[in-house]
Amino acid sequence: MKTISVLGSTGSIGTQTLDVAARLGIPIAALSAHSSIELLEEQARQFHPGFVAVSDCEAGRTLRLRLSDTDIRVGIGAEAVEEAACLGDTAVTAMVGIAGLKPTLAAISAGRDIALANKETLVCAGELVMPAARERGVSILPVDSEHCAIFQCLNGEDRKTVEKIILTASGGPFYGMSREKSYSLTRADALRHPNWAMGAKITVDSASLMNKGFEFLEAMHLYDLSPDQIEIVIQRESVIHSAVEFSDGSVMAQMGSPDMRLPIQYALTYPARLPCPAPRLDFRALTALHFGRPDPVAFPCLQYAIDAARAGGNRAAVVNGANEVAVARFLRDEIPFGRIPELVAHALEVVPASPICTLSDVLAADRAAREAVWQF
């Protein structure tokens, strides 16, 4: 059986990945986290990987002492996370933010397949990541429920017959609210997602619809599509995870309960389908399915991401960097919810547009966007 490395193992996707791995008996080659060493120690003792990486140096030194009674190697710093990414047959990239980019590229360079849960990898550097994966013969299997749905709908189909893909969105907890009303909503309000249990950062991105904008960018790179071939539709119940429309007018959709263990398991076991404990979809209990259009006025972050997709170059990296800092400030109660899109718009205004040719170009755009947000 293939082994996996789980990057970001203490987060929402990481912990669910380990649940899936434990149930299926998938060996763990390596784990990584930033600083949550209590949970990381528990995971290390349960799964006994050969290597554990901690990006925060102080936390890493503490974990090294805690695991000194085992034969598990503990690496410290960003380079250790990159090492962890290369140790399994498949790297599950469940880190949050642009911090997942370098480890993903390292794993690709080492010829490891990628179970991709880190949106920022393709949002910021899809122009670099996808060619690198093709050159190394690496498979990138999407873990996001929407992209996993599209992947399944395209399986066995002629890509030339794809008319468009339909990315579905729940709309988040603030669906239907005006821009003015949503401005002063709190951290607690934003973290009450109606359907999904996710980490704080992605839950806030879902509330602002930035998450769907990032998925728009991901879809372009994953499936080699133009922006005009991607449509976003609100599907409030999160039962239809996404769909593909073909040239003959047929629409193929993937449906299931809103449980991340389904796409995680499919990415780890593809092409096999194995039993999963996620709740089965009961059509008799579905009284209705509700659809709608996203409101770009009430949720401008979505439009910023789509505009960045059309503009190309460093625009997406700027949007992502600015959003990461803005969301972090919101989660610390430093700014209201309505300030998030304002800070992103400011970064787009002050950071000059430029092409993306190298990793350095991506990181420079990211730094400039973060500085713009902190100084505004």
Item to complete: Decide whether I114 and L154 are clustered together by the hydrophobic rule: side chain heavy atoms of Ile, Leu, Val, Met, Phe, Trp, Tyr closer than 4.5 Å, transitively.
Response: yes
Worksheet item: Any side-chain heavy-atom pair from H147 and I150 closer than 4.5 angstrom?
Response: yes
Worksheet item: Side chain of D113, backbone of A91: donor and acceptor closer than 3.5 Å?
Response: no
Discussion item. For E231 and K164: C-alpha separation, side-chain torsions, deciding distance, then whether salt bridge (Lys or Arg N to Asp or Glu O under 4.0 Å) applies.
Written reply: CA-CA 7 Å; E231 179 181 352; K164 66 179 178 181; 2.3 Å; yes
Worksheet item: Hey, quick one: are Y223 and V138 part of the same hydrophobic cluster, counting side-chain heavy atoms closer than 4.5 Å, chains of contacts allowed?
Response: yes
Response to the item:
d(R23 CZ, L18 CG) to nearest 0.5 Å is 12.5 Å
Item to complete: Dump the intermediate steps for salt bridge (Lys or Arg N to Asp or Glu O under 4.0 Å) on R310 and D228, then the final yes or no.
Response: CA-CA 9 Å; R310 295 184 180 280; D228 293 334; 3.0 Å; yes
Worksheet entry | Atom pair CG (L289) and CD (E237), whose distance is rounded to the nearest 0.5 Å | 5.5 Å
Practice prompt. Could you tell me whether the side chain of L122 reaches within less than 4.5 Å of the side chain of L217, counting heavy atoms only?
Written response: no
Practice prompt. For the pair R280 and D259, find out whether any cationic side-chain nitrogen is under 4.0 Å from an anionic carboxylate oxygen.
Written response: no
Worksheet item: Is the closest side-chain heavy-atom distance between E41 and Q46 below 4.5 Å?
Response: no
Worksheet item: Are the charged groups of D158 and K160 less than 4.0 angstrom apart, N to O?
Response: no
Item to complete: Assess the side chains of Q152 and R273: does a donor N or O sit below 3.5 Å from an acceptor N or O?
Response: yes
Practice prompt. I would like to know whether S242 and I165 meet side chain to side chain contact (heavy atoms under 4.5 Å, CB included); could you show each step before the answer?
Written response: CA-CA 8 Å; S242 277; I165 66 170; over 6 Å; no
Worksheet item: So, F151 versus Y270, ring centres under 6.0 angstrom or not?
Response: yes
Item to complete: Report the C-alpha distance between D89 and R112 in whole Å, list the side-chain angles of each, state the deciding distance to 0.1 Å, and finish with yes or no for side chain to side chain contact (heavy atoms under 4.5 Å, CB included).
Response: CA-CA 5 Å; D89 297 305; R112 305 304 190 252; 5.6 Å; no
Fill in: side chain to side chain contact (heavy atoms under 4.5 Å, CB included) assessment of M260 paired with V143
CA-CA 8 Å; M260 281 304 300; V143 169; 4.1 Å; yes
Worksheet item: Do N211 and T203 touch side chain to side chain, with heavy atoms closer than 4.5 Å?
Response: no
Worksheet entry | salt bridge (Lys or Arg N to Asp or Glu O under 4.0 Å) between E334 and R339, worked out | CA-CA 10 Å; E334 295 176 5; R339 282 282 282 164; over 6 Å; no
Worksheet entry | D333/R187 ion pair, N-O < 4.0 Å | no
Worksheet entry | Audit row: K119, D144, salt bridge (Lys or Arg N to Asp or Glu O under 4.0 Å) steps and yes/no | CA-CA 8 Å; K119 289 180 171 62; D144 269 348; 2.9 Å; yes
Discussion item. With clusters defined by side-chain heavy atoms of hydrophobic residues (ILVMFWY) lying less than 4.5 Å apart, directly or transitively, does F330 cluster with F174?
Written reply: yes
Practice prompt. Say whether I166 and L225 are linked into one hydrophobic cluster, either directly or through other cluster members, by side-chain heavy-atom distances under 4.5 angstrom.
Written response: no
Practice prompt. Examine the side chains of N314 and D361 and answer whether a donor and an acceptor come within less than 3.5 Å of each other.
Written response: no
Discussion item. Please check this pair: side chain of R236 against backbone of H290, looking for a donor-acceptor N/O pair closer than 3.5 Å.
Written reply: no
Fill in: Within the 6.0 Å centroid threshold, strictly below: F299 and Y175
no
Item to complete: Output the distance between atom CZ (F47) and atom CD1 (I26), rounded to the nearest 0.5 Å.
Response: 10.0 Å
Worksheet item: Just by modelled atom types, is the L141 backbone N or O under 3.5 Å from a matching donor or acceptor in the S139 side chain?
Response: no
Discussion item. Is it the case that the side chain of Q235 and the backbone of F291 share a donor-acceptor pair, with hydrogens and angles ignored and the cut-off at 3.5 Å?
Written reply: no
Worksheet item: Going by heavy atoms in the side chains, are I232 and I306 under 4.5 Å from each other?
Response: yes
Worksheet entry | Min side-chain heavy-atom separation V52-R73 under 4.5 Å | no
Worksheet item: Is the closest side-chain heavy-atom distance between S12 and Q16 below 4.5 Å?
Response: yes
Worksheet item: So, E163 and S247: side-chain donor and acceptor under 3.5 Å apart, yes or no?
Response: no
Worksheet item: Backbone N or O of A84 within a donor-acceptor pair of the S5 side chain at under 3.5 Å?
Response: yes
Practice prompt. Report yes if the side chains of P173 and D189 come closer than 4.5 Å at any heavy-atom pair, otherwise no.
Written response: no
Worksheet item: Under a single-linkage definition using a 4.5 Å side-chain heavy-atom cutoff for Ile, Leu, Val, Met, Phe, Trp and Tyr, are L222 and L101 assigned to the same hydrophobic cluster?
Response: yes
Worksheet item: Is a salt bridge present between E58 and R61, judged by a nitrogen-to-oxygen distance below 4.0 Å?
Response: no
Worksheet item: Is a donor on one side and an acceptor on the other found under 3.5 Å between the side chain of K212 and the backbone of T168?
Response: yes
Discussion item. Evaluate E218 against E146 for side chain to side chain contact (heavy atoms under 4.5 Å, CB included), listing each step before the verdict.
Written reply: CA-CA 10 Å; E218 278 188 289; E146 294 83 357; over 6 Å; no
Item to complete: May I ask you to decide whether K201 forms a salt bridge with E324, counting only side-chain N to carboxylate O separations under 4.0 Å?
Response: no
